[in-house]
Amino acid sequence: MPLGALLVLLLLGGAGPASAHAALDSTDPEDGAVLQRAPGHVTLAFSESVGLRDDSFRVLDPGGHRVRTGDTGHADGRSETARVALPGGLGEGTYTVAWRVVSADSHPVSGAFTFSVGKPSTTVASVDTGPTEDPLTTNLHRIARYLSYLAAALLIGTAAFVALCRPPDAAPLRRPLAAGWWTLLGATVALLVLRAPYEAGTGPSGALDPDALGDTLTARPGVLLLIRLALLGPAALFLARMFRTPVGDRHPRPGPLAATAGGALAVALVLTWAASEHASAGIQVPAAMTSSTLHLLATALWLGGLTALLLTLRSAGDAATVARFSRVALASVTVLAVTGVYQSWRGLGSWQALTGTTYGRLLLAKVVLVAVLLAAAAVSRRWTAALAATAAAQEPARERVPQPAGGPPAPEPPTAPADTGGAAPATAALRRGLRRSVLAEAVVAAVVLAVTTVLTGTQPGRAADEAARTAPAGGVLPASVTTIPFEIGTAGRGTVQITLDPGRTGDNAVQAVVFGPDGSLAAVPELRLSFTLPDQHVGPIDAELVDRGGYWSANTVTLPLPGTWTMKTTVRVSEIDQVSEVRRIRVER
């Protein structure tokens, strides 16, 4: 596929449902709601299934003290919800709910929101929802993930190179196979131990908590890591059997049954990644899982095969082995291109996400690196073709010599010397050039794998767009709060507290609460709210408030431009009495 076509296909995408990294869809009570009676529980709804922890909820009272909550679970058995029971007798004021869950793709997500009982407090308890990730734990976890990817590529790719490319001497490849196996074992154990502090956003010392480790071993990410560890046993037996060859035969040749078993082991290993990351959640999960599995296998065949080819070229690699790997690499690149385009479309979701999200920018960096990798691969293919042509030219011609009937057999024609250290200068030069280009491929491929590791831990563009449209997905968002006093004859003096959330351009939520002269909630027949931007001749925009039984609200009011807006509030307290007040508010970009 031409690179230009690949880039065009990569950027194609349209709006769609969220993909991976759970986004908060709604809360009950709603963020900023003022309730006449205290709720019995708090419920959160997400865009995908989430895992719960013992400390998934923290509820703080108006004074900032933690409220003792009940059991945490899924509402009505739905895996995409989270619910915690609240104690009875909550007092008047504003309560803050901090939450933390684990997405279906194994990444933690956290945030916070507020609700009020009776009337809002003059001050709201500040709450730190906790970092989504502890820096040290995150870096250790990321290093272990990268090593696990690299080790799997080395293990699977080298074994496939031995079976498919049939090098004349496979003995030098025993060491990278052993290194890949042991590295994958160590990285998997590290991921298993770090899982609990990674989910909790705490330091690595949290790995010493036996209860947390027990919870990890029963959760889906931990179970998948245990399966990966269990598969390493049969993988070691397969490799040992493959290299158990007759004396004098330096090339292991697994039979059809053994090759099938090895392929099944490779697929099973790769599935432990696909089932725990972005492909396991969001849209088109079966297709995404298939694509992710093929993508990881193709990566292993290419990257692991490059390492094996380098070692083979250093010893006694022949042109036939190089040509076979060239065909394997070409097939791998084709699979990578097709699956990469699909996964990019699924992860991005929109053109804006390409430059407007971290996921999109990382994807652009990966595309540039892949372009460099393809250029290096093209150079390697030219060296491969030249080496094959030179080897063919040096092959001696075997002429058929007539033999008299019953006579002695004709002597064998002389054969060309093996292409070893005493190879012809042209062949040696070609091999050195190929070795350098393959080394460049391997280095760039390792960098691509590092970017991919970060990419798989980054919120996809679809989910980022969904989270940006849903408040509050990442904590208590800043809001514009305006208190407007009003007075109507004998009706007395009251106030209207209007919250514009988040108080920025675009879609905003509006909550308005009316208080009587004694500070208690007051019911009024009608409350109207409009916004005008005189400098730009925009408006009036009617907020279309709806009486929610104790407070008035509008889910969406779109303020298209930043600037100083005029907010007009009209309160009607009877059939004939009403008053209008005007305030100026600042709307940021």
Side-chain angles (χ1 to χ4, degrees), residues 152-181 235-267 297-335 377 380-381 383-396 398 415-421 423 427-428 430-431 434-435 437-439 441-442 445:
L154 187 62
L155 184 64
I156 296 173
T158 304
F161 182 88
V162 172
L164 300 176
C165 301
R166 303 192 298 278
D169 183 8
L173 302 180
R174 293 175 182 265
R175 186 169 296 176
L177 281 171
W181 190 92
L237 293 176
F238 170 79
L239 295 176
R241 181 182 178 85
M242 184 172 71
F243 276 90
R244 191 181 298 130
T245 56
V247 176
D249 186 359
R250 296 185 299 173
H251 172 64
R253 290 181 174 81
L257 186 59
T260 301
L265 276 173
V267 172
L297 284 173
T299 300
L301 289 177
W302 193 7
L303 180 55
L306 283 173
T307 305
L309 181 61
L310 272 175
L311 294 174
T312 301
L313 288 172
R314 287 176 62 89
S315 55
D318 63 345
T321 301
V322 175
R324 293 185 195 106
F325 176 73
S326 181
R327 291 191 291 270
V328 172
L330 181 60
S332 299
V333 169
T334 303
V335 172
S380 296
R381 285 184 65 82
W383 283 112
T384 299
L387 184 62
T390 302
Q394 292 176 351
E395 190 72 22
R398 296 178 61 91
T415 57
D419 187 16
T420 58
T427 302
L430 289 173
R431 185 174 294 164
L434 177 60
R435 203 160 50 228
S437 65
V438 170
L439 178 61
E441 270 191 86

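Computed from a predicted model, the values in this text were never measured in an experiment.
Counting heavy atoms from C-beta outward, F161 and T312 have side chains that approach closer than 4.5 Å.
For the residue pair A152 and A300, the shortest heavy atom distance occurs at O-CB, 4.3 Å. Of all the heavy atoms in P167 and L173, the pair that sits closest is CG-CD1, 4.2 Å. The two atoms that bring R166 and T321 nearest to each other are O-OG1, 3.5 Å, heavy atoms only. Here the closest heavy-atom approach between residue P172 and residue L311 is recorded as O-CD1, 4.1 Å.
Atom OG1 of T158 sits about 10.0 Å away from atom CG of L306, to the nearest 0.5 Å. To the nearest 0.5 Å, the span separating CH2 on W181 from CG on L154 amounts to 14.0 Å. Of the inter-residue distances, the one linking L303 atom CG with I156 atom CD1 reads 11.0 Å to the nearest 0.5 angstrom. In this structure, T307 OG1 and W302 CH2 are separated by 12.5 Å, a value rounded to the nearest 0.5 Å.
In this structure, the side-chain contact (heavy atoms from CB on, under 4.5 Å) partners of L239, at least two apart in sequence or on a different chain, are L155, A159, L177, M242.
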